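Working notes, structure below.
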Amino acid sequence: MIRDQLLASLRAAIGAAGLPDPGDVALEVPRERAHGDFAANVALQLARAASRKPREIAEAIAAELVRAEVPHLERVEIAGPGFLNFHLRPTWLHEVLREVVTAGAAYGTATVLDGQRINLEFVSSNPTGPIHAGGGRWVAVGDAIANLLASQGAAVHREYYLNDAGNQLVTLRESLAARYHGRELPADGYQGTYVTEIADTLRAEHGDDLDDAALCELGVQRIVAWIQRDLARIGVHFDTWFSERTLHERGDVDEVLDTLRAKGLIDVRWGDKAEADIEWLRTTDLGDSRDRALRNTATGTTTYLCNDLAYHRDKLARGFTHLIDIWGADHQGQVKSLQAGVQALTGLVGEPEIVLGQFVKLFDIDPNTGEKIELKMSKRAGTFVSLADVLDRVDGDVTRMTFLLQSIDTKQTFDLAIVTAQSMENPVYYVQMAHARIASIGRKATEAGIERAPLDAVDLGCLTEEHELELLRMLARYPEVLADAAQSRAPHRVAHWVHDFASAFHAFYGACRVLDAEPPLLQARLWLIHACQLGLANALAILGVNAPESMARLDEVDGIDS
RNA sequence: GCGCUCGUAGCUCAAUGGAUAGAGCAUCUGACUACGGAUCAGAAGGUUGUGGGUUCGACUCCCGCCGAGCGCGCCA
C-alpha cells in the first residue's frame with residue numbers, strides 16, 4: 001500500500017533529520033484537496049520535544065523526503081502551523097486501481113483479527129412476542145458488525161439467546177391461558193392481539209383441552225417461528241439459538257453457584273425486598289457499585305444475572321476468544337455486574353464486551369387524525385409496531401440502510417410515514433443505482449462488441465480527470481474506513497462511505513462518458529468503473545444490502561408517481 | 001440524588017484532537033434527442049446547548065451549569 005510506503009519514508013526522514021522518535025506518526029487524508037493527498041502533523045508534535053519551531057522541523061523533514069526520492073511523491077509542502085502536505089502524482093491512484101482489481105471481492109479486508117473466534121450475541125428479543133420495529137436496529141447493526149469483524153479476519157459466530165424461562169414466561173402462560181379460555185387477562189398480562197391470535201389458532205388445532213404448560217410451550221414455539229421468519233425476511237441468519245432453559249436443565253446454573261461459593265465470593269445476607277436470605281456475589285470487590293443478588297435461598301430461584309453468568313461461562317467454554325453482546329441502552333446498568341461476575345468466575349477482565357445502543361423512537365401518522373404521533377413500544381401494552389409491519393411497508397434493504405446510517409450512540413428517530421413515503425428516495429436506492437448503472441454500462445459494452453482488454457495492456461495514465469481521480473481516492477480510503485468501523489463497532493461509517501462513494505460515481509457518470517470515449521481512455525474507464533463496482537459491492541455486502549445488476553424501472557414500480 | 005449515553009443547518013444525521021464543521025430532506029435556480037433523470041450542476045441555510053479549562057490547534061479531551069433519553073429489584 002502506498003500509504004504504508006509513505007509512512008515508512010516519513011519515519012526514515014525524521015530519523016535522517018536527526019529528530020527525536022515521535023512515537024506514533026499519523027498520516028491523515030486532509031479534508032481540503034488543496035492540502036494534498038496525505039498530511040502529517042508530526043512536526044507540530046515534535047516541536048516541544050525538539051524545542052524548535054514546527055515549521056523549521058517540517059522544513060528539515062521535507063528536505064530529507066525530497067532527497068529520498070519517494071515513489072509517486074510529486075512534492076511536499078509546508079502549510080499552516082507546520083503541516084507536511086504530501087502531493088502525489090496521479091500514478092499512485094492508478095496503483096490503487098490495480099490493487100482493487102487484484103483483490104476483487106476481498107478488497108478492503110484485513111488480517112488483524114486472524115485466528116480470533118468471536119461470539120456475537122444480538123437481538124435476543126424475548127420469545128413473548130414478535131420482534132418490534134425498534135428491534136430492527138439491532139438486527140441490522142448486529143449483522144453488519146458481524147460482517148465487519150469477519151472482514152478483519154475473525155471467525156464470527158452469530159448467536160441468539162432465547163430467554164425461555166423465568167417470570168416473563170409465567171406472564172405469557174397466564175395471558176395465553178386467559179385468551180384460550182376466554183377469561184379476563186391478568187393485570188400485567190400481554191395485551192397484544194397476537195396473544196389472542198395464538199390462543200385461537202391453538203384451539204383450532206388442538207381443541208380446548210390443552211393444559212397451561214402445553215399452551216405456553218406451543219405458544220413460545222409459534223412466537224420463535226415468527227421471529228425466525230422475520231429475520232429470514234431481512235436476511236439475517238444465526239448460527240446458534242441458545243435456550244436459557246438448557247442452562248437450568250443441565251445444572252449449569254447450580255455449577256456457577258457452587259464455583260463461586262467455593263471461591264468464597266458469596267455472602268448470605270437478609271434481603272428486605274424478598275424477605276428472605278439472599279446469596280450475594282461480592283462484585284463490589286471488582287468495582288461494581290454494590291453486591292449483586294444471585295439466589296433466593298427460600299424459593300431457590302436464581303436471578304437473571306446468575307443465569308446470565310452461566311450462559312457466558314458456557315460461551316467461553318465453547319472456545320471463543322472473545323465475546324461481544326449488543327444490548328439496548330436500558331440494560332446499561334447490568335454491564336458492570338455481568339463483567340464483574342464473569343471476572344469472578346473465570347478471571348477474565350472485560351468479558352463480555354458490551355456494545356450499547358440507544359433506543360429507536362418510532363413515529364407514524366395516526367390514520368384517524370392525520371397527525372404525527374409517537375408510537376410507544378411496549379409488548380405488555382400491545383401497542384407496538386413489529387418489524388414485520390415495517391417490512392410489509394418497505395423492503396429489507398431500505399430497512400437495513402435506514403438503521404445503519406446512524407451511529408448507535410444516539411437515539412434514532414424512525415418515522416414510518418416518512419420512510420414509507422420516501423422509500424423511493426431512500427439512500428439505499430441511490431447507492432444501488434450506482435451499482436446498477438455500472439452493470440448497465442457493461443451490458444451496453446457487450447452489445448456494442450466492446451471487450452475489456454487485459455489490465456496490463458491498458459494505459460491507466462489516461463485517467464486524469466478530477467472525477468476519475470476522486471473515485472480512486474475514495475477507493476484508496478476504503479480499507480481504512482472498514483478497519484475503523486470494525487474497531488469501533490460502528491457500521492454507520494461504512495454506510496456513509498458507500499453513500500459518498502455512490503455520490504462521487506454519479507458525478508463522474510454525469511461528467512464523463514465511458515462508451516463514447518476513444519479506445520485508450522475507454523479501456524481505462526472500463527477498468528475504473530469495474531473497480532468502482534467492486535467497491536460498492538464490497539461495502540454493501542458488509543451492510544447486508546443487495547447490490548443489484550439492474551433496478552426496477554421507476555415507472556414500472558407500483559404506486560409511484562413520477 | 002447518583003450513573004450511562006447524548007445535545008451540531010428549519011428537519012434527520014455525519015465529522016481517528018487538525019487547516020474554511022459536512023451530507024440528505026425541505027426551499028430556490030438550472031440540466032435529458034444522452035452509458036437508466038431513483039441522476040447531475042448550483043444557491044441559500046451554523047456563536048457545534050452554555051460558561052470555564054487543557055494546547056500550536058477543541059464539535060471532539062477535562063470541570064461546572066442547562067436540557068433530553070435510559071438506568072439505579074432481592075424483575076427479566
Side-chain angles (χ1 to χ4, degrees), chain A residues 26 28 30-32 34-35 39 41 43-45 47-48 53-54 79-83 85 126 128 163 165-169 171 244 269-280 289-290 292-296 301 303-305 307-308 328-336 356-359 361 405-415 418 422-430 432-434 436-438 440-445 447-448 480 483-484 487-488 492-493 495-496 499-500 503 506-517 525 529 550-554 557 560 562:
Chain A
E28 301 171 352
R31 218 180 339 233
E32 286 291 320
H35 296 149
N41 60 358
L44 292 159
Q45 293 170 333
R48 178 164 291 189
K53 288 177 186 167
F83 288 104
N85 290 342
N126 287 335
T128 52
N163 290 110
N167 282 340
Q168 57 193 353
L169 264 257
T171 307
E244 180 188 351
R269 277 199 313 273
W270 183 255
D272 291 332
K273 289 213 170 144
E275 297 186 340
D277 273 333
I278 301 293
E279 290 186 86
W280 302 86
S289 56
R290 63 170 69 173
R292 302 290 167 174
L294 291 184
R295 182 171 171 272
N296 180 324
T301 54
T303 62
Y304 186 86
L305 172 63
N307 305 336
D308 222 17
D330 55 337
H331 291 90
Q332 153 266 128
Q334 300 162 235
V335 174
K336 267 238 170 85
L356 283 178
Q358 299 298 310
F359 274 171
K361 284 179 82 168
L405 271 166
Q406 187 169 339
S407 158
I408 59 171
D409 288 340
T410 54
K411 58 179 184 290
Q412 180 162 28
T413 303
F414 193 103
D415 192 319
I418 290 178
Q422 300 184 342
S423 81
M424 286 304 128
E425 294 163 30
N426 190 281
V428 78
Y429 293 122
Y430 183 82
Q432 289 179 324
M433 180 68 178
R437 274 183 154 171
I438 295 170
S440 175
I441 294 174
R443 287 189 295 271
K444 287 280 179 188
E447 282 172 24
E480 188 191 357
D484 284 350
Q487 193 165 11
S488 45
H492 74 278
R493 291 191 189 168
H496 280 275
H499 184 265
D500 292 347
S503 179
H506 286 308
F508 159 81
Y509 183 90
C512 305
R513 309 280 302 170
V514 175
L515 298 180
D516 300 345
R525 283 185 174 166
I529 64 171
S550 65
M551 307 289 282
R553 290 270 174 187
L554 187 56
V557 177
I560 301 305
S562 49

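Small disclaimer: the values here were computed from a predicted structure and weren't measured. Atom set for the values below is all heavy atoms of this structure, side chains included, hydrogens, waters and symmetry mates excluded. We name chains A, B, ... by the order of the sequence lines, and we start the count at 1 in each one.
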Return the OG to CE distance between Ser440(A) and Met433(A), rounded to the nearest 0.5 Å.
8.0 Å

Atom CE of Met551(A) and atom CD of Gln432(A): how far apart are they, to the nearest 0.5 Å?
5.0 Å

Given side chain to side chain contact (heavy atoms under 4.5 Å, CB included), test Val514(A) with Phe508(A) step by step and report yes or no.
CA-CA 10 Å; Val514(A) 175; Phe508(A) 159 81; 4.1 Å; yes

Which way is the base of rG73(B) turned, syn or anti, if we draw the line at 90° from 0?
syn

In whole angstrom, give me the gap between the P atoms of rA34(B) and rU29(B).
25 Å

When all nucleic acid strands are considered with a 4.0 Å heavy-atom cut-off, which category describes Ala39(A): base, sugar-phosphate, or nothing?
base

For atom CD of Gln406(A) and atom C1' of rG7(B), their distance in whole Å:
13 Å

Locate the shortest heavy-atom distance separating Leu356(A) from Ala329(A); write the atom from each residue and the value.
CD2-CA, 4.5 Å

Based on Watson-Crick and G-U pairs with both distances under 3.5 Å, what dot-bracket line describes RNA chain B 5' to 3', crossing pairs as [ ] and inter-strand pairs as |?
(((((((..((((....[...)))).(((((.......))))).....(((((..]....))))))))))))....

5′-ward residue of the pair Ala26(A)/Asp516(A) relative to RNA chain B:
Ala26(A)

Closest nucleotide of RNA chain B for His506(A) versus for Glu480(A): which of these residues is on the 5' side?
Glu480(A)

Measure from the ring centre of Phe83(A) to the centre of the six-membered ring in the base of rA19(B), then say whether that distance is under 5.5 Å and the planes meet at under 30°.
yes

Write down the distance between CE (Met433(A)) and C1' (rC40(B)), rounded to a whole number of angstrom.
12 Å

How close or far is atom P of rG37(B) from atom CD of Glu425(A), stated in whole angstroms?
17 Å

Please check: side-chain N/O of His499(A) versus main-chain N/O of Tyr430(A), any donor-acceptor pairing under 3.5 Å?
no

Tell me, with the steps shown, if Glu28(A) and Asn41(A) meet side chain to side chain contact (heavy atoms under 4.5 Å, CB included).
CA-CA 8 Å; Glu28(A) 301 171 352; Asn41(A) 60 358; 4.3 Å; yes

Considering only atom P, compute the distance from rG17(B) to rA58(B) and round it to an integer number of Å.
14 Å

Between rA9(B) and rA23(B), how far is it from one P atom to the other, in whole Å?
16 Å

For Arg437(A), answer base if it contacts any base atom (sugar-phosphate contacts may also be present), sugar-phosphate if it contacts only those atoms, and nothing otherwise; contact means non-hydrogen atoms under 4.0 Å.
sugar-phosphate

A correct 5'-to-3' footprint of nucleotides 67-76 of chain B, with B, S and - meaning base, sugar-phosphate only and no protein heavy atom under 4.0 Å, is -S-BSSSBSB

Using atom P in both nucleotides, what's the gap between rG69(B) and rU12(B) to the nearest angstrom?
15 Å

Separation of atom NE2 in His499(A) from atom C1' in rC25(B), rounded to whole Å
11 Å

Just N and O in the side chain of Ser407(A): are any of them under 4.0 Å from OP1 or OP2 of rC13(B)?
no

Please assess Trp270(A) against Ile278(A) for the test side chain to side chain contact (heavy atoms under 4.5 Å, CB included), listing each intermediate value before the final yes or no.
CA-CA 6 Å; Trp270(A) 183 255; Ile278(A) 301 293; over 6 Å; no

Taking the same atom, P, in rC4(B) and in rC40(B), what whole-Å distance lies between them?
43 Å

Could you give the distance separating rG10(B) and rC6(B) at their P atoms, to the nearest angstrom?
23 Å

Does rC40(B) have OP1 or OP2 under 4.0 Å away from a side-chain N or O of Tyr430(A)?
yes

Roughly how far, to the nearest 0.5 Å, is the NZ atom of Lys444(A) from the CG atom of Leu515(A)?
9.0 Å

Residues Gln168(A) and Asn163(A): side-chain donor-acceptor under 3.5 angstrom
no

Could you tell me whether the side-chain ring of His35(A) sits stacked on the base of rA19(B), using a centroid cut-off under 5.5 Å and a plane angle under 30°?
yes

Measure CD1/Ile408(A) against P/rU5(B) and give the value in whole Å, please.
12 Å

Where do Gln406(A) and Phe414(A) land on the side chain to side chain contact (heavy atoms under 4.5 Å, CB included) test, with the steps shown first?
CA-CA 11 Å; Gln406(A) 187 169 339; Phe414(A) 193 103; over 6 Å; no

Name the nucleic acid region contacted by Arg31(A), choosing base, sugar-phosphate or nothing; use a 4.0 angstrom heavy-atom cut-off, strictly under.
sugar-phosphate

Base, sugar-phosphate alone, or nothing: which one does Asp484(A) contact when heavy atoms must sit under 4.0 Å apart?
nothing

Say you pick atom P in rU60(B) and the same atom in rG49(B); how far apart are they, in whole Å?
8 Å

Could you tell me the separation between the CG atom of Asp409(A) and the C1' atom of rU8(B), rounded to a whole number of Å?
15 Å

Counting any heavy atom closer than 4.0 Å, what does Asp277(A) reach on the DNA or RNA strands: base, sugar-phosphate only, or nothing?
nothing

Donor-acceptor pair under 3.5 Å: do we get one between Asn85(A)'s side chain and the base of rA19(B)?
yes

With sugar-phosphate meaning primed atoms plus P, OP1 and OP2, does Ala47(A) contact a base, only sugar-phosphate, or nothing at under 4.0 Å between heavy atoms?
nothing

Between rG18(B) (P) and Gln45(A) (CD): distance, integer Å:
11 Å

From CD (Glu480(A)) to CG (Asp484(A)), nearest 0.5 Å:
5.5 Å

What one should report as the nearest heavy-atom pair of Gly82(A) and Ala43(A) is O-CB, 3.5 Å

With respect to the side chain of His496(A), which nucleotide from rA14(B), rA38(B), rA41(B) is positioned closest?
rA14(B)

Between rC59(B) and rU50(B), how far apart are the two P atoms, rounded to whole Å?
12 Å

Taken to the nearest whole Å, CG/Asp415(A) to P/rC25(B) is 16 Å

